[in-house]
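Read the structure below first, then the notes.
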Amino acid sequence: MFVVLKSISMLAINVLDALRLGVVDLEDGRVTELGVPGTNPHFVAPDRIVYGVSGDRVMTAPFSLRTRRLTGAPEVLATDIWQGNGGAT
């Protein structure tokens, strides 16, 4: 299984508050939205994702690679973090 975590724009432009996290299956192209806003997601083994959100925060959430779903509620990991125009943290 090969997947990519990605920010998905819900508008024609990349407004930070309109970006949602998703998973793209590289084998069949299927996109699964994770149901949370965010940018610049990264998988942290064995079962977490870390990502930025508007308001200069970095979040973490438990994540299952097998089901491609969050397995719990997001939590604030860090605050007062610089965030670029495209959402990079």
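Index from 1, following the sequence. Computed from a prediction, not measured in an experiment: that's the story for all the values here.
Residue Thr71 comes nearest to Ser64 through the heavy atom pair CG2-CB, 3.7 Å, listed as atom of the first residue, atom of the second, then distance. Nearest heavy atom pair, residue Leu70 against residue Ala61, reads CD2-CB, 3.9 Å. Nearest heavy-atom pair across Ala73 and Pro62 is O-CD, 3.8 Å.
Side-chain N or O atoms of Arg30 include none that pairs as donor or acceptor with a backbone N or O of Asp25 at under 3.5 Å.
Residues Pro74 and Met59 have side chains in contact (heavy-atom distance under 4.5 Å, counting atoms from C-beta outward). Using a 4.5 Å heavy-atom threshold, the side chains of Arg20 and Leu34 count as separate. At a threshold of 4.5 Å between non-hydrogen side-chain atoms, the residues Phe63 and Val23 count as touching.
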For Val36 and Tyr51: C-alpha separation, side-chain torsions, deciding distance, then whether side-chain contact (heavy atoms from CB on, under 4.5 Å) applies. CA-CA 10 Å; Val36 294; Tyr51 57 96; 4.1 Å; yes
Show your reasoning for whether side-chain contact (heavy atoms from CB on, under 4.5 Å) applies to Leu21 and Ile49. CA-CA 10 Å; Leu21 297 184; Ile49 60 170; 4.0 Å; yes
Worked check of side-chain contact (heavy atoms from CB on, under 4.5 Å) between Val58 and Val50: CA-CA 7 Å; Val58 173; Val50 174; 3.5 Å; yes
Go through it in stages, so that I can follow the logic: the residues are Thr60 and Arg48, the test is side chain to side chain donor-acceptor pair (under 3.5 Å), and I'd like the CA-CA distance, side-chain angles, deciding distance and then a yes or no. CA-CA 7 Å; Thr60 183; Arg48 305 289 294 181; 3.2 Å; yes
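Arg57 contributes atom CZ, which lies 11.0 Å from atom CG of Asp80 (distance to the nearest 0.5 angstrom).
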